[in-house]
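These figures come from a predicted structure and were not determined experimentally.
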Amino acid sequence: MIIDTNVQPHFAYNAEIRQYLPEAHRLRAIPDVEQQWYQAPGGDYRQDLYGEHYPGSDPETVSRHLFDDGGVDLAILNPLTRGNIADYLLNSRICAAVNDWLLDRWLEPDTTNRFRGTIRVNPEDPKGAVSEIERLAGHPKLVQVGVPMQSREPYGKPMFEPIWEAAAAHGLPVAVHVNGGNGVDHPPTFAGHAHTYPGYAAFMPLNYFVHLATLIVEGMFGRHPGLKFVFADGGYDILTPLMWRLDTFWLSMRDQTPWVDRYPSEYLPDHVRFCSSAFDGPVEAGKMRRWMDFSGKSGLVMYGSSYPHWSTSSPEVFAEGLDAAQREKVLWQNASELYGLFYGLEESVR
């Protein structure tokens with residue numbers, strides 16, 4: 001069994017989203033589907049996917065690549081929305097339009113029942129985000145809430161708590177993914193802007209740890225036992241040293257965070273998951289088995305292809321060097337448990 005937890009479907013053309021916007025917003029300026037301030041050399045998507053359709057825009061083509069050619073059984077779709085827009089109300093309308101498009105083009109026509117989807121919300125509009133979760137949480141094919149990695153405040157801050165509370169109440173994990181710059185995001189590194197894509201790609205995952213650390217230190221997981229976060233763009237290669245550091249500071253200064261009632265690293269199994277990345281982990285496959293044991297990664301990581309991104313990785317390459325138990329966990333068991341896809345999965349998709 002293989003569950004791909006990180007697939008980004010795209011609009012076929014820039015104007016496609018406009019038919020899903022309210023009339024008052026259809027003429028507003030919306031970031032281009034390829035507006036990345038840091039574009040990968042050669043383009044953001046696999047070159048072999050350019051052709052009749054824009055990469056990731058045609059459900060039949062994506063199904064063939066993932067299910068027929070790639071051996072995937074189920075795929076979690078997490079469409080991106082281009083980060084933070086200065087007009088937060090417009091941003092919320094775009095999120096709702098993306099959700100309606102995902103249902104209309106991908107999920108409801110899917111008679112094979114192999115796609116699941118994400119409810120995109122705008123964290124800068126907590127009231128609107130909660131309303132969007134309430135509107136769509138009952139749909140059986142929507143299995144998580146999606147927010148951008150880029151944020152002007154860490155996600156552990158109290159202003160975001162109503163969103164996380166609503167997601168947890170409906171049993172929906174919150175997926176965090178890098179989501180394209182458009183002008184009002186903070187610099188991607190703590191010290192400012194990188195000049196090149198390699199600098200951006202290398203340092204951007206550090207932002208996930210800021211979110212994760214504040215979720216723990218601010219007591220968000222303690223107050224909401226059902227709250228789960230998925231860091232969907234990798235970064236688990238830096239997990240162990242940073243968690244060790246957080247554990248050490250917590251142990252020395254527990255009087256400042258009395259609501260954190262255990263080592264910060266002990267919150268990970270119940271509350272945190274990561275999607276795999278082609279760049280995380282040791283280069284030598286022979287070291288993968290031991291490396292995955294650090295911080296219990298085999299129970300935290302889920303296979304995600306990042307299709308149709310240029311760094312798309314196959315299940316075989318990702319799982320190379322893992323033992324049988326680790327393979328089962330990362331290729332499907334962790335995702336099955338997180339998303340409630342259960343162990344009768346074989347019969348539902350074959």
Side-chain angles (χ1 to χ4, degrees), residues 5-6 8 76-103 116-139 141-180 182 184-186 207-233 235 259-260 267-268 270-275 338-340:
T5 59
N6 189 26
Q8 278 89 53
I76 311 295
L77 304 178
N78 187 11
L80 306 184
T81 61
R82 292 301 165 217
N84 298 316
I85 295 173
D87 184 341
Y88 74 94
L89 294 177
L90 173 61
N91 200 1
S92 295
R93 300 298 183 273
I94 290 175
C95 288
V98 169
N99 296 333
D100 290 338
W101 165 82
L102 187 68
L103 288 169
R116 299 295 186 274
T118 302
I119 304 171
R120 296 296 311 196
V121 301
N122 173 19
E124 296 201 346
D125 178 16
K127 184 177 179 180
V130 171
S131 295
E132 190 67 2
I133 292 172
E134 297 295 338
R135 179 173 79 95
L136 296 172
H139 196 288
K141 289 190 176 183
L142 293 171
V143 297
Q144 66 183 6
V145 172
V147 297
M149 174 86 83
Q150 296 93 326
S151 173
R152 290 189 273 187
E153 293 285 350
Y155 282 149
K157 291 290 189 71
M159 66 188 72
F160 301 114
E161 187 162 9
I163 308 174
W164 316 146
E165 184 177 23
H170 289 285
L172 297 171
V174 178
V176 184
H177 193 287
V178 172
N179 199 38
N182 57 43
V184 300
D185 294 333
H186 283 322
N207 289 281
Y208 96 77
F209 187 75
V210 176
H211 292 312
L212 172 58
T214 60
L215 286 163
I216 295 172
V217 172
E218 298 282 347
M220 206 65 69
F221 291 144
R223 291 193 296 277
H224 305 286
L227 179 60
K228 300 179 187 297
F229 265 72
V230 177
F231 293 96
D233 212 20
W259 47 83
V260 181
Y267 285 94
L268 297 177
D270 291 334
H271 297 281
V272 180
R273 296 293 181 270
F274 295 86
C275 295
L338 179 68
Y339 296 115

Rounded at 0.5 Å granularity, tell me how far [atom1] in [X] sits from [atom2] in [Y].
X	Y	atom1	atom2	answer
E161	M220	CD	CE	4.5 Å
D233	N207	CG	CG	11.0 Å
L268	F274	CG	CZ	6.5 Å
K127	N122	NZ	CG	14.5 Å
H271	L215	NE2	CG	10.5 Å
L102	R116	CG	CZ	12.0 Å

Legend entry - side chain to side chain contact (heavy atoms under 4.5 Å, CB included) between L212 and Y155, intermediate numbers included: CA-CA 8 Å; L212 172 58; Y155 282 149; over 6 Å; no
Check your understanding: Residues two or more places apart in sequence or in another chain: which of them pass salt bridge (charged side-chain N to carboxylate O under 4.0 Å, His left out) with D100?
Key ->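 Expected list: R135.
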Can you name the residues that form a salt bridge (charged side-chain N to carboxylate O under 4.0 Å, His left out) with E124, not counting sequence neighbours?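 With neighbours one apart ignored, the set is R152.
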Quick one: does [X]'s side chain have a donor or acceptor within less than 3.5 Å of a partner on [Y]'s backbone?
X	Y	answer
H211	M149	yes
K141	G117	no
R273	P173	no
W164	H224	no

Considering all heavy atoms, the nearest [X]-[Y] contact:
X	Y	answer
Y267	G222	CE2-N, 4.3 Å
L172	L142	CD2-O, 3.7 Å
P148	N84	CG-OD1, 4.1 Å
D125	S92	OD2-OG, 2.7 Å
N91	I85	ND2-N, 3.3 Å
W101	P79	CZ3-CB, 4.0 Å

Please determine if E132 and R120 form a salt bridge, counting it only when a charged side-chain N lies under 4.0 Å from a carboxylate O.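 Salt bridge flag = no for R120 with E132.
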Is there a side-chain hydrogen bond (donor to acceptor under 3.5 Å, both in side chains) between T81 and N179 once you walk through the steps? CA-CA 7 Å; T81 61; N179 199 38; 3.0 Å; yes
With a 4.5 Å cut-off on side-chain heavy atoms, are [Y] and [X] touching?
X	Y	value
L80	V98	no
V230	L338	yes
K228	F221	no
F160	S151	yes
V130	E165	no

Intermediate values then yes/no, side chain to side chain contact (heavy atoms under 4.5 Å, CB included), I133 and V121: CA-CA 8 Å; I133 292 172; V121 301; 4.0 Å; yes
- Query: Does atom OH of Y88 have more than 12 heavy-atom neighbours from other groups under 6.0 Å away?
  - Reply: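 Result for OH/Y88: open.
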Q: Take Q144 and N78 through the side chain to side chain contact (heavy atoms under 4.5 Å, CB included) test and state the conclusion after the steps.
A: CA-CA 9 Å; Q144 66 183 6; N78 187 11; 4.2 Å; yes
Residues two or more places apart in sequence or in another chain: which of them pass side-chain hydrogen bond (donor to acceptor under 3.5 Å, both in side chains) with H186?
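For H186, no residue satisfies side-chain hydrogen bond (donor to acceptor under 3.5 Å, both in side chains) once neighbours in sequence are set aside.
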Note to self: Determine whether Y208 and V272 satisfy the following criterion, side chain to side chain contact (heavy atoms under 4.5 Å, CB included), listing intermediate values before the conclusion.
What the structure shows: CA-CA 11 Å; Y208 96 77; V272 180; over 6 Å; no
